[in-house]
Peer 1: 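Here it is, the structure, as structure tokens.
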Amino acid sequence: MDDIALFKEHLKERTKNCDAILEELLLPGLVISSGTPFTYFADDQDAPFVTTPHFSHWCPEEGPYHLLAYLPGKKPMLLRHAPKDFWYDHSESGEQFWQEGFDIVEYDSKDKLWEQLDRYKGFAFIGPEEAKAKEKGLKPNLKPLVARLDWQRGLKSDYELANIGQASKKAASAHRAARQAFVNGGSEIQIHQAYMQELGCQECDLPYHNIVGLNEKAAVLHYQFKRRDSSGQLLLIDAGARYRGYASDITRTYVHSQVPETFKELLKGMEKLQQELCNLILPGVSYLHLHEQAHMKISDLLIDSGLVSGLNQDDVISAGISKAFFPHGLGHMLGLQVHDVSGLQKNAEGDPCDPSSRFPTLRTARDLRAREVITVEPGLYFIPMLLNLLREQEWSSNLNWKMIDALTPFGGIRIEDNVYIQEGTPKNITREFLGNEFLV
Ligand code: GLY
Ligand code: MN
Ligand code: MN
């Protein structure tokens with residue numbers, strides 16, 4: 001199917017689902033805002049603008065102040081903000097494939113645009129302009145509505161899957177360029193620049209800030225800096241790309257051949273268990289259970305590598321040792337947002353997943369559904385702060401501190417792929433475009 005046909009199907013699905021939800025909640029229609037810019041305190045500078053995902057789910061147009069109005073049975077209407085302005089460019093985003101789906105009307109001021117909402121009294125409203133929407137007689141950000149729409153957003157249409165595929169393809173070639181920069185002895189900033197050069201976009205176009213950590217900085221889970229002065233023996237790069245608003249989220253860990261053999265074995269072990277976990281991604285499978293499986297596999301790896309001795313898998317988990325080496329969740333939903341919605345909902349009504357779970361910080365903790373896209377990103381890190389806590393525990397003597405201290409300068413390992421959930425065999429979107437040649 002071409003772009004036009006894919007988008008047509010996608011929009012048809014949006015309207016059909018929305019019709020059912022509006023009918024259930026006795027709402028006459030829906031208005032969605034593309035958002036307003038965030039201006040820094042005591043400044044006249046705005047943060048890079050991100051279109052609200054609710055708006056993007058319907059319409060690929062980007063930028064602030066647009067409104068989308070939907071009345072069941074009618075073509076959705078795009079009220080496009082197009083001021084006469086020589087400071088900024090307000091022309092259309094350029095792509096035409098989606099425009100047929102909307103009645104598009106342009107307004108040269110926000111006031112004129114909002115005046116149109118007098119027609120939509122009683123409609124639901126989604127967006128940050130709550131007070132303004134209330135003044136107009138709209139019902140802003142109704143929880144039951146947002147929960148139902150988020151629940152639907154978890155399921156990806158073929159259009160969305162194609163976009164995530166393109167975002168993965170773009171990120172994959174940028175990852176290869178970054179790997180080459182690492183092979184050439186580049187610093188964190190040079191590796192980042194190689195990535196950006198290949199991707200050919202601005203940083204504000206990324207789905208999240210690139211994480212580029214050499215050596216010990218690989219142990220900082222969301223490491224935000226880019227050092228200029230050092231090359232390294234290990235690179236952890238967590239970086240994605242955007243395509244038509246949709247994100248990819250990919251992590252690779254590479255090492256030069258001089259790193260200790262024990263570290264290389266850990267890397268091989270992590271690659272093996274990450275692929276095993278990816279292959280378990282099927283409809284109906286509990287993601288909480290998969291997270292537990294990750295802990296079991298990582299515990300086995302800690303034992304097999306000699307980092308832990310005299311304890312079995314259960315002990316390693318219940319003592320919190322595996323959690324000190326793997327302190328984050330196995331993954332999260334992926335879509336318009338890198339940490340996409342619906343992972344913590346139990347149902348369309350928005351009931352939360354069991355909060356008594358042993359892993360309260362997971363971003364996804366329910367059974368997986370066909371047509372969702374999820375990340376699988378186990379990690380094994382040497383984080384001094386968490387290791388110091390382990391040192392004080394009663395079973396500290398079961399840990400091989402000599403080995404831990406020798407490996408700590410290499411930071412850690414994370415391998416992250418994006419997987420589409422379907423019956424039969426899971427579709428590993430990332431591996432279609434990027435293998436894992438982790439030894440340099
Ligand atoms: N890139 C952030 C994450 O993997 O969740
Ligand atoms: Mn990531
Ligand atoms: Mn991720």
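We number each residue from 1, following the sequence as shown. Order of listing sets the numbers, starting from 1, for every ligand and every atom in it.
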Peer 1: I'd like to know if E13 pairs up with R371 as an ion pair, taking the criterion as any Lys NZ or Arg NE/NH1/NH2 lying under 4.0 Å from an Asp or Glu carboxylate oxygen.
Peer 2: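 Answer for the salt bridge query: yes.
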Peer 1: Regarding T364 and H332, is there a side-chain donor-to-acceptor distance under 3.5 Å anywhere?
Peer 2: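 No.
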Peer 1: If the threshold is 4.0 Å, N to carboxylate O, is there a salt bridge linking E432 and K427?
Peer 2: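 Here E432 pairs with K427 in a salt bridge, since their nearest N and O are under 4.0 Å apart.
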Peer 1: Which atoms of ligand 1 are found less than 4.0 Å from any heavy atom of D238?
Peer 2: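 Going through ligand 1 atom by atom, the ones under 4.0 Å from D238 are 1 (N), 2 (C), 3 (C), 4 (O).
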Peer 1: So, for Y159 and F7, is the gap between ring centers shorter than 6.0 Å?
Peer 2: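 Ring centres of F7 and Y159 closer than 6.0 Å.
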Peer 1: Mind checking whether H222 and I211 have side chains closer than 4.5 Å, heavy atoms only?
Peer 2: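 SC-SC contact between H222 and I211 confirmed.
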Peer 1: Mark up the atoms of ligand 1 that fall under 4.0 Å of a heavy atom belonging to H332, in ascending order.
Peer 2: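 Ligand 1 atoms under the 4.0 Å threshold to H332: 3 (C), 4 (O), 5 (O).
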Peer 1: Of all the non-hydrogen atoms in the protein, which one sits nearest to atom 4 (O) of ligand 1, and at what distance?
Peer 2: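 The answer is E377 OE1, 3.0 Å.
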Peer 1: Distance check, rounded to the nearest 0.5 Å: S34 atom OG versus L68 atom CG?
Peer 2: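 Output value for this atom pair is 9.5 Å.
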Peer 1: Do any of the N/O/S atoms of D238, backbone or side chain, fall under 2.8 Å from the Mn ion (ligand 3)?
Peer 2: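 For D238, the answer is no, given that no N, O or S atom comes within less than 2.8 Å of the Mn ion (ligand 3).
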Peer 1: Let me check your reading of the structure: within less than 2.8 Å of the Mn ion (ligand 3), is there an N/O/S atom from H332?
Peer 2: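 It does: H332 brings an N, O or S atom closer than 2.8 Å to the Mn ion (ligand 3).
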Peer 1: Quick test: of every protein heavy atom, which one is nearest to atom 5 (O) of ligand 1, and how far off is it to 0.1 Å?
Peer 2: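 Heavy-atom neighbour on the protein nearest atom 5 (O) of ligand 1: H339 NE2, 2.7 Å.
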Peer 1: So if I count the atoms of ligand 1 from 1 in the order they appear, which ones are less than 4.0 Å from some heavy atom of E416?
Peer 2: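 Reading through ligand 1 atom by atom, the close ones are 4 (O).
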Peer 1: What's the atom name of the N, O or S in E377 nearest to the Mn ion (ligand 3)?
Peer 2: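 Nearest N/O/S atom: OE2.
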Peer 1: Can you confirm, on distance only, whether ligand 1 has an N/O atom lying under 3.5 Å from any N/O atom belonging to R363?
Peer 2: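 Looking only at distances, the answer is no, because the N/O contact criterion of under 3.5 Å is not met.
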Peer 1: For ligand 1, which atoms have a heavy atom of Y208 less than 4.0 angstrom away?
Peer 2: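 Atoms satisfying the 4.0 Å criterion: 1 (N).
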Peer 1: Could you check which N/O/S atom of E416 is closest to the Mn ion (ligand 3)?
Peer 2: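 Result: OE2.
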Peer 1: Please write down residue, atom name and distance for the protein heavy atom closest to atom 3 (C) of ligand 1.
Peer 2: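 Nearest neighbour among protein heavy atoms for atom 3 (C) of ligand 1, to 0.1 Å: D249 OD2, 3.4 Å.
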Peer 1: Can you tell me if D351 uses its side chain to pair, donor with acceptor, with the backbone of K346 under 3.5 Å?
Peer 2: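 Such a contact is absent between D351 side chain and K346 backbone.
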Peer 1: Do E203 and M196 have side-chain heavy atoms sitting under 4.5 Å apart?
Peer 2: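 Side-chain contact under 4.5 Å: yes.
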Peer 1: At less than 2.8 Å, would any N/O/S atom of D249, backbone or side chain, sit next to the Mn ion (ligand 2)?
Peer 2: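 Looking at D249, which is the residue asked about, there is an N, O or S atom under 2.8 Å from the Mn ion (ligand 2).
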Peer 1: Among side-chain atoms of Q197 and H192, is any donor-acceptor pair under 3.5 angstrom?
Peer 2: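 No, no side-chain donor-acceptor contact under 3.5 Å.
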